[in-house]
Protein chains: 2
Amino acid sequence: MIRRTQAERSDETTAALVRAARELFGGNGYAGTSIDAVAAAAGVTKGAAYHHFGGKLPLFRAAFEGELGEICAKLERVAAEEGDPWAALRRGARTFLEHCLDPGFQQIVMLDAPSVLGWEAVRAAEHDHLLGILVAGFSMVAEDDEAAVPARAQLVFGALCEGGMLLARSPDPAAELPRLASEADRLLEALRV
Amino acid sequence: MIRRTQAERSDETTAALVRAARELFGGNGYAGTSIDAVAAAAGVTKGAAYHHFGGKLPLFRAAFEGELGEICAKLERVAAEEGDPWAALRRGARTFLEHCLDPGFQQIVMLDAPSVLGWEAVRAAEHDHLLGILVAGFSMVAEDDEAAVPARAQLVFGALCEGGMLLARSPDPAAELPRLASEADRLLEALRV
DNA sequence: CATGATTCATACTGTGGGTATGTAACTGTG
DNA sequence: CACAGTTACATACCCACAGTATGAATCATG
């Protein structure tokens, strides 16, 4: 029997559970996924899942945060590659649209999360990770009313989400992406003043 | 015993079920509402619900369509009060934002429907009822690429939905509404070209 | 009014979220 | 290293609820 520390045991189990949760919740949706299935896919039983997460909802929340962390990291990476904040905004919008093609991200973050976790929880989490980037970008280029920036960023974010869903359902996403991206650019441009 | 025709019996029962479904699904969400509860609120039992609708999902779909029909009727009414299509668009956007303050509409149409019925089903239904109005308005004022109109309308619709949720969460919706409406106007204006 | 079709109620089954309890694996202390 | 105490799970159980018969009223029709 290998000797592992408790922290190692916990970390490995929770990591396996979150990985399985993202896989199954992303593939079959929240309602279509049982805790037993997630635990089995992680090589443990319900007991472990309830011990570490305390319920189906917190487990889903962990999967949600995993998805959010991934897109956030990607956004920060590409934003850093651009020089001025405005180019970063445009690049970020396009990157977000592309990321919506990931079925797991779509199912967990776009479809199930608002219903399962509540809109405000999702909004709060997205604000910390995604919208913060948008708001920062807008703030840097906004030339007039600073107070209108958050609401404006929110509206653009809603448009981007809708665009992402539209893109994912497109019969030819590769052809659709540039058109949507240009429409998104137009939106950003419109709100620049 | 009063003598009723079968059609009357069916109509009364289904109407009562849909009414109860809109009430409960709207108040407690899809997952938080049992068929027994809906049936009890309608004065019948599960048997009636399953006889007329065949399951929880079709029952929810009926509630969803009821909500959609209501907002649609309201939109058509206010749009008819405006003269030119552009004013109708602006008025429609504002009306939609206001309607998002209804908790039942929010829960059923904005939060649960995409997760429960699937995004494409919701999109299709909304396209027939709500987006059709938007697309028609844009088509009438679009001066350039006609092909870009549907996607553009979709993005605006996404922004409006996000604005509606934001409005509903606002501590002072009455104060927030005009600001959001002006931002929406700005969006519409931007896409007019 | 007799026969068949609708409309519904009642009783039952299965699945799955949640909980209680037991057991094995680790950790700190003498 | 022995031995309590804690942590990490597995197992067995309960219960709510979606879905499925089955049967009994109610209504339509020849």
Side-chain angles (χ1 to χ4, degrees), chain A residues 1-21 23-64 108 112-113 115-118, chain B residues 1-21 23-64 108 112-113 115-118:
Chain A
M1 174 61 64
I2 55 173
R3 178 94 181 177
R4 289 178 305 171
T5 168
Q6 295 279 57
E8 283 171 354
R9 284 212 318 172
S10 280
D11 288 351
E12 287 173 18
T13 302
T14 55
L17 279 170
V18 171
R19 208 178 320 125
E23 187 87 19
L24 294 183
F25 283 141
N28 307 339
Y30 182 75
T33 303
S34 72
I35 296 193
D36 293 284
V38 173
V44 291
T45 66
K46 254 175 29 172
Y50 274 91
H51 175 71
H52 288 292
F53 293 93
K56 189 182 185 181
L57 205 135
L59 183 53
F60 176 81
R61 190 194 317 275
F64 168 75
I108 293 177
D112 283 338
S115 169
V116 173
L117 304 175
Chain B
M1 174 61 66
I2 56 173
R3 176 95 182 173
R4 291 177 305 170
T5 167
Q6 295 278 56
E8 283 170 355
R9 286 210 324 173
S10 279
D11 289 350
E12 286 173 19
T13 303
T14 55
L17 280 170
V18 170
R19 208 178 321 124
E23 187 87 18
L24 295 182
F25 283 140
N28 306 39
Y30 181 75
T33 304
S34 71
I35 295 193
D36 292 283
V38 173
V44 292
T45 66
K46 256 174 31 171
Y50 274 90
H51 175 71
H52 287 291
F53 293 94
K56 189 180 184 181
L57 204 136
L59 183 54
F60 177 81
R61 191 194 316 274
F64 168 74
I108 294 177
D112 283 338
S115 170
V116 173
L117 303 174

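Reminder, nothing fancy here: chain letters follow the sequence lines and each chain counts from 1. Only a predicted model underlies this, so the values are computations on that prediction, with no experimental measurement involved.
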Starting at atom NE2 of B:His52, determine the distance to atom C1' of D:dG19, rounded to an integer number of angstrom. 17 Å
Please give me the minimum heavy-atom distance between A:Gly55 and A:Ile35, naming the atom from each residue. C-CD1, 4.3 Å
Can you check the A:Glu12 CD to C:dC26 C1' distance for me, whole Å? 14 Å
Respond yes when some side-chain nitrogen or oxygen of B:His51 is under 4.0 Å from OP1 or OP2 of C:dC8, and no when none is. no
Quick one: are A:Phe53 and A:Arg61 in side-chain contact, heavy atoms under 4.5 Å? no
Separation of D:dT20 atom C1' from B:Ile35 atom CD1, nearest Å, is 12 Å
May I ask you to evaluate whether A:Thr13 reaches the phosphate of D:dA8, defined as a side-chain N or O under 4.0 Å from OP1 or OP2? no
If we ignore angles and hydrogens, is there a donor and acceptor under 3.5 Å between the side chains of B:Thr33 and B:Asn28? no
Please state how far atom CG in A:Leu59 lies from atom P in D:dC9, giving the value in whole angstrom units. 14 Å
Whole angstroms only, please: what is the CZ-P distance between A:Phe60 and C:dG17? 14 Å
Minimum heavy-atom distance A:Phe60-A:Asp112, with the two atoms named: CZ-CB, 3.7 Å
Determine: side-chain N/O of B:Thr45 to OP1/OP2 of C:dT10, distance under 4.0 Å, yes or no. no
List the atom of B:Leu24, the atom of B:Ala41, and the distance in Å for their closest heavy-atom pair. CD1-CB, 4.0 Å
Side chain of B:Arg4 only, please: which of C:dT7, D:dC27, C:dC26 is the nearest? D:dC27
Against the side chain of B:Thr5, the closest entry in D:dA28, C:dT7, C:dG17 is D:dA28
Five pairs per end, C1' atoms only: what is the angle between the end axes of the helix from C:dC1-D:dG30 to C:dG30-D:dC1, to 10 degrees? 10°
Rounded to the nearest angstrom, tell me the gap between atom OH in B:Tyr50 and atom C1' in C:dC12. 14 Å
A:Glu8 CD to C:dA25 C1', straight-line distance once rounded to whole Å: 13 Å
Scanning both residues in full, the closest heavy-atom pair of A:Ala48 with A:Thr13 reads CB-CG2, 4.2 Å
Heavy-atom pair of closest approach, residues B:Lys56 and B:Phe25: CE-CE2, 4.0 Å
Confirm from the modelled atom types if A:Lys46 and C:dG18 form a donor-acceptor pair under 3.5 Å, side chain to base only. yes
Most 5' of A:Gly47 and A:Tyr30 on DNA chain C, judged by nearest nucleotide: A:Tyr30
Between B:Ser34 and B:Arg9, name the one whose nearest nucleotide on DNA chain D is closer to the 5' end. B:Ser34
Given atom CG of B:Leu57 and atom P of D:dC17, what is their separation to the nearest angstrom? 18 Å
When all nucleic acid strands are considered with a 4.0 Å heavy-atom cut-off, which category describes B:Thr14: base, sugar-phosphate, or nothing? nothing
